[in-house]
**Student:** 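Sharing a structure, written as structure tokens. Questions coming.
Counting convention: from 1, in listed order, for ligands and their atoms alike.
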Amino acid sequence: MYEKITPPTTGAKITFKNGEPVVPDNPIIPFIRGDGTGIDIWPATQKVLDAAVAKAYKGQRQISWFKVYAGDEACDLYGTYQYLPQDTLTAIEEYGVAIKGPLTTPVGGGIRSLNVALRQIFDLYACVRPCRYYAGTPSPHKNPEKLDVIVYRENTEDIYLGIEWRQGSEIGDRLIKILNEELIPATPEHGKKQIPLDAGIGIKPISKTGSQRLVRRAIKHALQLPKHKQQVTLVHKGNIMKYTEGAFRDWGYELATTEFRQETVTERESWILSNKEKNPNISLEENARQIDPGFDALTDEKKAQIVKEVETVLNSIWATHGDGKWKDKILVNDRIADSIFQQIQTRPDEYSILATMNLNGDYLSDAAAAIVGGLGMGPGANIGDNSAIFEATHGTAPKHAGLDKINPGSVILSGVMMLEYLGWQEAADLIKKGLGDAIANSQVTYDLARLLEPPVEPLKCSEFADAIIQHFD
Ligand SMILES: NC(=O)C1=CN([C@@H]2O[C@H](COP(=O)(O)OP(=O)(O)OC[C@H]3O[C@@H](n4cnc5c(N)ncnc54)[C@H](OP(=O)(O)O)[C@@H]3O)[C@@H](O)[C@H]2O)C=CC1
Ligand SMILES: O=C(O)CCC(=O)C(=O)O
Ligand SMILES: [Mg+2]
């Protein structure tokens with residue numbers, strides 16, 4: 001079955017039932033070491049995960065690690081250009097849950113991202129990246145502890161589908177010609193627009209199915225959070241990209257107000273309901289005026305639409321959501337993507353789950369990680385209905401590779417997410433305690449050491465792992 005690798009002789013497979021993992025006490029878990037600093041980070045991570053599981057379960061549970069190959073290591077073993085061998089795909093498919101270090105993607109030409117390919121091959125449609133603050137972590141922000149968000153990023157489509165054509169390529173030029181001569185003129189709203197003849201072209205597909213399954217998972221996650229964090233914000237640039245990003249927002253609201261009608265309230269609905277609670281005799285028109293500040297300047301047709309919206313909301317959900325009942329529901333709102341980048345800095349405590357499309361979520365997860373201490377503190381998970389791969393937000397950080405210097409925190413915390421996904425909360429909690437206490441004692445790697453005031457002598461990558469383990473007690 002495998003060409004060059006052999007699964008561990010002990011351990012059992014994780015299986016999936018209704019999208020949830022069924023976990024034996026000794027699961028076999030494939031891991032990819034990763035390129036660049038993967039060589040430093042992975043051994044540190046494995047040591048911490050094994051120590052936590054051993055301490056929490058005293059031999060009753062353990063992970064049987066299965067080394068599989070991708071990136072540079074795979075080419076060394078399997079031959080030139082064998083970046084993602086079939087063995088690796090077979091192993092992940094068979095064992096269901098895997099963890100990986102970062103893999104290199106060249107800019108411009110060369111191979112397309114192996115990281116993205118893995119998400120697409122296994123249909124890992126939700127990229128979940130929590131950003132929370134560990135006390136004592138230096139941050140460029142005054143109150144980093146106020147940020148506690150989870151970026152829920154659609155992980156399989158958008159421009160990451162990678163359908164694009166190079167400038168000057170035969171098909172690219174043909175496509176531009178068809179667009180300029182046939183499709184754009186046939187679409188009146190595009191007027192006389194034309195694509196420059198020397199343009200590269202990329203396609204940005206955003207589907208209803210892809211958007212709604214992501215938002216569904218985000219809402220289900222919100223239901224598990226403490227009351228004050230039960231909120232999902234749909235992040236989009238729908239003012240500019242109406243039929244892709246705008247549609248993502250609309251499909252998100254549609255899902256929330258149909259599949260989760262009893263559990264959710266939209267921000268606009270909450271304004272309408274609260275206007276009536278403050279003034280039970282408020283007219284539909286006055287309510288509409290209060291939810292839309294520019295109401296009086298609108299056309300009669302638009303005004304009538306908003307009045308109708310108010311009426312529909314009151315008729316359909318006053319009984320279930322009115323009289324303050326909406327305050328116990330999950331709040332679903334939306335924010336335009338550029339504004340959310342400043343909102344997480346200026347009003348971080350107003351946000352919880354940020355549901356995004358692929359590109360926006362890629363940007364936003366690095367930015368949010370920076371607030372709570374940088375890319376060394378940014379874990380992540382790629383989750384589908386039949387498999388999951390855990391990996392950090394950051395990349396290979398090649399200039400630090402092999403120096404035993406880089407912060408392994410993000411991959412270790414990705415391991416914590418994996419343990420929680422397996423239901424091994426006790427082991428996950430030990431690591432969170434160990435990591436938190438190490439940071440609180442200023443036992444940190446270079447990235448955090450240089451920001452501390454006064455600066456401290458940094459620990460090596462491997463020493464940080466040891467410090468975490470020492471702080472289990
Ligand atoms: N999922 C994946 O596998 C990903 C892969 N990549 C790939 O990684 C490669 C390198 O990408 P690049 O743009 O340099 O981005 P990286 O995220 O690899 O690194 C950028 C900078 O972020 C800081 N950083 C990253 N990781 C850590 C860490 N663990 N601890 C502390 N600081 C960290 C370092 O800053 P400083 O030097 O200032 O300390 C580093 O130089 C590219 O090929 C890219 O495509 C990128 C993202 C995700
Ligand atoms: O795959 C890559 O090289 C980059 C991907 C990335 O930045 C991410 O998923 O956050
Ligand atoms: Mg990224």
**Student:** Between the side chains of Tyr69 and Asp87, is a donor N or O closer than 3.5 angstrom to an acceptor N or O?
**Tutor:** no
**Student:** Give a yes-or-no answer on whether the side chains of Tyr125 and Arg217 include a donor-acceptor pair shorter than 3.5 Å.
**Tutor:** yes
**Student:** Using a threshold of 4.0 angstrom between heavy atoms of the protein and any atom of ligand 1, which residues qualify?
**Tutor:**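 Within 4.0 Å of ligand 1, protein side: Lys100, Pro102, Leu103, Thr104, Thr105, Asn115, Arg119, Leu375, Gly376, Glu391, Thr393, His394, Gly395, Thr396, Ala397, Pro398, Lys399, His400, Ile406, Asn407, Tyr446, Asp447, Arg450.
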**Student:** So for atom NZ, which belongs to Lys146, do other residues, nucleotides or ligands contribute more than 12 heavy atoms lying within a distance under 6.0 Å?
**Tutor:** no
**Student:** Measure up the His400 and Tyr446 rings against each other and bin them: parallel (under 30°), tilted (30 to 60°), perpendicular (over 60°).
**Tutor:**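 The arrangement is tilted - the two ring planes meet at 30° to 60°.
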**Student:** Suppose the cut-off is 2.8 Å; how many protein N/O/S atoms fall inside it around the Mg ion (ligand 3)?
**Tutor:** 1
**Student:** Is it the case that over 12 heavy atoms from other parts of the model lie below 6.0 angstrom from the CD atom of Glu93?
**Tutor:**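 Check fails, neighbour count at 12 or below.
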**Student:** Are the side chain of Lys229 and the backbone N or O of Tyr351 linked by a donor-acceptor pair below 3.5 Å?
**Tutor:** yes
**Student:** If we ignore angles and hydrogens, is there a donor and acceptor under 3.5 Å between the side chains of Glu154 and Thr156?
**Tutor:** yes
**Student:** Can you confirm whether the side chains of Asp25 and Tyr57 place a donor and an acceptor under 3.5 Å from each other?
**Tutor:**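 No, Tyr57 and Asp25 have no side-chain donor paired with an acceptor closer than 3.5 Å.
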**Student:** Looking only at atom types and distance, does a side-chain atom of Gln82 sit under 3.5 Å from a main-chain N or O of Leu77, one as donor and one as acceptor?
**Tutor:** no
**Student:** Please work out whether the ring planes of Phe16 and Tyr421 are parallel, tilted or perpendicular, with thresholds of 30° and 60°.
**Tutor:** tilted
**Student:** For Arg450, which residues count as a side chain to side chain donor-acceptor pair (under 3.5 Å) partner, sequence neighbours excluded?
**Tutor:**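 Arg450 satisfies side chain to side chain donor-acceptor pair (under 3.5 Å) with no residue once adjacent residues are dropped.
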**Student:** Could you name the protein residues that come within less than 4.0 Å of ligand 2, counting only heavy atoms, and order them by chain and residue number?
**Tutor:** Thr105, Ser113, Asn115, Arg119, Arg129, Arg153, Asp362, Thr393
**Student:** Under a 3.5 Å threshold, yes or no: a donor from one side chain and an acceptor from the other, between Gln231 and Glu350?
**Tutor:**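 No, no side-chain donor-acceptor pair sits under 3.5 Å.
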**Student:** Step through the shown structure and confirm whether more than 12 heavy atoms of other residues, nucleotides or ligands are within 6.0 Å of NZ on Lys47.
**Tutor:**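 12 or below, so no.
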